[in-house]
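In what follows, a single structure is set out as structure tokens and then discussed.
Both counts, for ligands and for their atoms, begin at 1 and track the order of listing. Positions are given from 1 along the sequence.
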Amino acid sequence: MDQEKSNIEYSLLHRFIVWRRKKRMSIIMLIIFLLMVVFALQFYLIDQKGRLNAEINEKEDEAFMQSIKVKFIEAAKLNSQEQNGNKRILKDVERLKRLEQPSRDEIIAKRQTEKVPEAFETDQQLGIPYVITNQKNPYIPKHRIVHFDLKGAPPTIDYFKKIISLSKNAGATGILIEYEDMFPFTGILAPLSAKNAYKLEQVKEILHYAEELKLEVIPLVQTFGHMEFALKYKEFAHIREVPGSPQALCPSRNSSLDFIKELIKQILDLHPSTKYLHIGCDEVFEMGECEICRTELHENLFLKHVQNVAKLVHEKNPKVQVIIWDDMLRHISLQTLQSFKIGDMVEPMVWVYAEDIYRFVQPTIWDKYAGVFKTAWTASAFKGAFGETLYIPNARRHLENNLRWLDVMSTQSISFKRGFRGIVLTGWQRYDHFAVLCELLPAALPSLILNLLATSHGFFNVTQKDQFLSALSCPRQSDNRRPIPFLSLDSDPNMWEKLARCLFPGNEFFKLMYRLHNMENEAKEYLDVTTKQRGWMTAYNGKHNYSLPLRVDELTQELPRVYHGMINLARNTVDSLGKWFDNYTISEWIEQRIYPYMLELEKIQNQSTTLKNVMYWPARPLPILKELQRHGIAIGLN
Ligand SMILES: *[C@@H]1O[C@H](CO)[C@@H](O)[C@H](O)[C@H]1NC(C)=O
Ligand SMILES: *[C@@H]1O[C@H](CO)[C@@H](O)[C@H](O)[C@H]1NC(C)=O
Ligand SMILES: *[C@@H]1O[C@H](CO)[C@@H](O)[C@H](O)[C@H]1NC(C)=O
Ligand SMILES: *[C@@H]1O[C@H](CO)[C@@H](O)[C@H](O)[C@H]1NC(C)=O
Ligand SMILES: *[C@@H]1O[C@H](CO)[C@@H](O)[C@H](O)[C@H]1NC(C)=O
């Protein structure tokens with residue numbers, strides 16, 4: 001045994017020495033070669049210096065380096081049998097090559113003369129969707145309006161003003177305010193205001209602020225569908241279209257129009273000099289169902305009501321231009337639209353928030369609109385469009401939606417007599433009055449700025465880098481030799497990674513969304529493993545108080561960490577939202593997003609205590625499940 005072992009050792013040692021010797025030889029060869037190359041290079045460089053200094057020509061550099069590389073490879077092939085040596089030499093070539101690269105200043109100087117600013121940050125690298133077909137002549141909508149949906153998470157006045165100001169700097173020309181129940185209604189409409197509605201003075205402060213910034217302010221009030229905020233109350237239930245549903249107003253009752261008249265009066269009184277009033281009229285899901293309406297065609301009902309509301313607006317203020325959402329018009333024929341002279345009374349706002357605009361509004365619909373209306377508005381989205389329960393917008397998808405809109409507008413504008421008025425970037429806070437909150441403003445501010453810059457330039461690419469980063473108070477990029485792209489929307493569509501160091505108002509919450517994302521995944525995984533995948537803490541174990549304490553201990557080891565992680569998240573949410581929202585909103589958001597996990601985790605904690613308190617267990621079998629009978633499934637005892 002020993003003899004054998006030492007033989008092996010000897011032979012290993014021998015091989016090692018031989019290897020060392022070989023290696024030393026090749027290292028010496030290598031050094032000699034490197035010295036030769038450095039010599040040759042120096043001569044070459046002295047020769048070339050004048051030219052190199054005069055003009056840095058990348059192609060020549062490349063050719064020069066290539067020739068050295070080829071020589072090296074050939075030399076290496078001849079001199080060394082070892083693959084390693086080859087690699088080493090190639091590495092040295094790379095190092096030499098790097099040493100010979102033009103300096104940063106030279107790169108900058110060269111780039112300026114070439115007019116290719118930071119060519120390494122291509123649209124593709126940044127993950128910017130390629131959709132603009134008319135690159136030469138970008139279409140810039142005359143108006144870029146930011147939509148404030150106040151039916152959920154109304155910002156404090158302070159935050160409202162901050163966002164307005166940031167929007168203005170990023171190219172916004174106006175704001176569309178959808179007050180819903182945040183408006184300080186008075187008189188018979190007083191019950192419509194939420195208990196945390198803005199005060200009259202607060203609304204005036206916002207309007208004054210917007211006016212100072214020379215922003216167009218368009219108020220929006222729903223007057224047909226989406227009347228939940230009013231029709232949910234008993235005192236307004238009599239003007240519902242369907243008695244059991246608060247979604248839509250009955251257009252055929254005089255009291256409905258009296259109600260709308262008062263609504264319009266109060267809104268316009270607070271907006272005495274407004275040029276526009278948006279009267280909603282989207283998604284009227286319930287129409288033609290009540291006794292009076294039943295005899296009428298849906299499209300007639302719809303158009304007649306729009307006419308009536310427009311008339312009420314003009315009676316109050318003839319100078320106001322009325323705007324409606326377009327979706328209810330999409331399937332009404334050109335003849336019908338013309339016979340109601342709808343084009344003389346309202347302007348449509350064509351909304352599509354998905355990427356593919358033409359899938360929802362086909363060219364034939366555009367032709368129809370152009371035949372009826374002299375002009376139109378469009379509406380994209382920067383948040384609140386890709387899922388009712390999202391907490392962070394996918395900026396890439398929203399950018400694609402906005403860029404596609406620019407393309408569609410550029411194509412369609414010529415068919416309208418007066419082109420398009422502009423685009424509204426919607427930012428939904430809930431999908432309707434009864435839905436939970438979707439993405440909050442601080443989580444969506446980067447998406448808003450991105451899309452405002454895109455719509456106010458007609459495109460988005462690296463040329464807006466500085467504007468984008470400074471709008472969001474991001475630190476200047478450090479002087480890397482090779483700067484990393486400032487966006488990579490493909491791999492980082494929420495921009496968490498790229499904007500991790502930015503200090504825009506609300507950034508703490510924006511960053512918290514990343515933690516939420518991770519915590520949520522962790523909690524889901526934990527709950528699934530503990531109560532579904534493993535076999536000792538399922539609903540069955542809990543119900544029958546029947547488990548092995550040892551296993552329960554094992555399954556709850558990670559529980560305190562996950563549970564306290566969630567609690568900390570909720571605590572930090574309170575801190576990060578404190579300045580931007582009222583306590584109702586903060587509480588609502590936590591209750592919807594974080595609290596369910598806190599509860600479920602606590603339930604497991606409680607269950608583990610119960611299961612571990614059992615000292616003696618009953619004989620199997622456990623009782624037959626009697627509850628099955630309720631579902632018509634009978635399992636008897638015999
Ligand atoms: C950015 O886009 C505009 C408009 O298409 C174009 O003129 C410009 O050359 C682009 N710049 C870069 C660096 O891609
Ligand atoms: C509405 O009022 C008008 C005139 O005041 C009246 O003629 C009409 O019958 C009323 N309609 C309904 C549905 O009550
Ligand atoms: C909201 O809650 C915080 C924390 O409890 C409290 O300090 C603050 O006064 C509350 N704000 C209002 C307006 O009640
Ligand atoms: C867990 O137990 C505590 C203390 O008994 C109780 O207050 C709490 O409601 C329980 N939690 C759940 C989710 O059942
Ligand atoms: C489970 O068993 C323990 C110990 O016998 C008892 O204290 C507890 O009430 C039981 N819980 C349930 C849900 O049956």
Atom 7 (O) of ligand 5 protein-contacted, heavy-atom criterion under 4.0 angstrom: no

Residue Val462 vicinity, atoms of ligand 1 by number, heavy atom under 4.0 Å: 13 (C)

Verdict with reasoning, Glu600 to Lys603, per salt bridge (Lys or Arg N to Asp or Glu O under 4.0 Å): CA-CA 5 Å; Glu600 279 195 68; Lys603 206 169 110 196; over 6 Å; no

Ligand 5 atoms in contact with Thr610 (distance to a heavy atom under 4.0 Å): 1 (C), 10 (C), 11 (N)

Under 3.5 Å: N/O of Asn461 near N/O of ligand 1: yes

Nearest non-hydrogen protein atom, atom 11 (N) of ligand 5: Asn545 ND2, 2.8 Å

Qualifying residue, where the test is side-chain hydrogen bond (donor to acceptor under 3.5 Å, both in side chains) with His433 and the options are Gln222, Glu228, Gln247, Lys232: Lys232

Parallel, tilted or perpendicular: ring planes of Trp405 versus Trp366, cut at 30 and 60 degrees: perpendicular

Heteroatom proximity flag, Gln135 to ligand 1, N/O under 3.5 Å: yes

Ser252 neighbourhood, listing ligand 2 atoms whose heavy-atom distance to it stays under 4.0 Å: 13 (C)

Lys/Arg N to Asp/Glu carboxylate O, Arg561 vs Glu558, below 4.0 Å: yes

Salt bridge present between Glu286 and Arg240 (N-O < 4.0 angstrom): no

Protein heavy atom at shortest distance from atom 1 (C) of ligand 2: Asn254 ND2, 1.4 Å

Salt bridge (Lys or Arg N to Asp or Glu O under 4.0 Å) assessment of Asp269 paired with Lys316: CA-CA 9 Å; Asp269 278 346; Lys316 170 82 183 145; 2.7 Å; yes

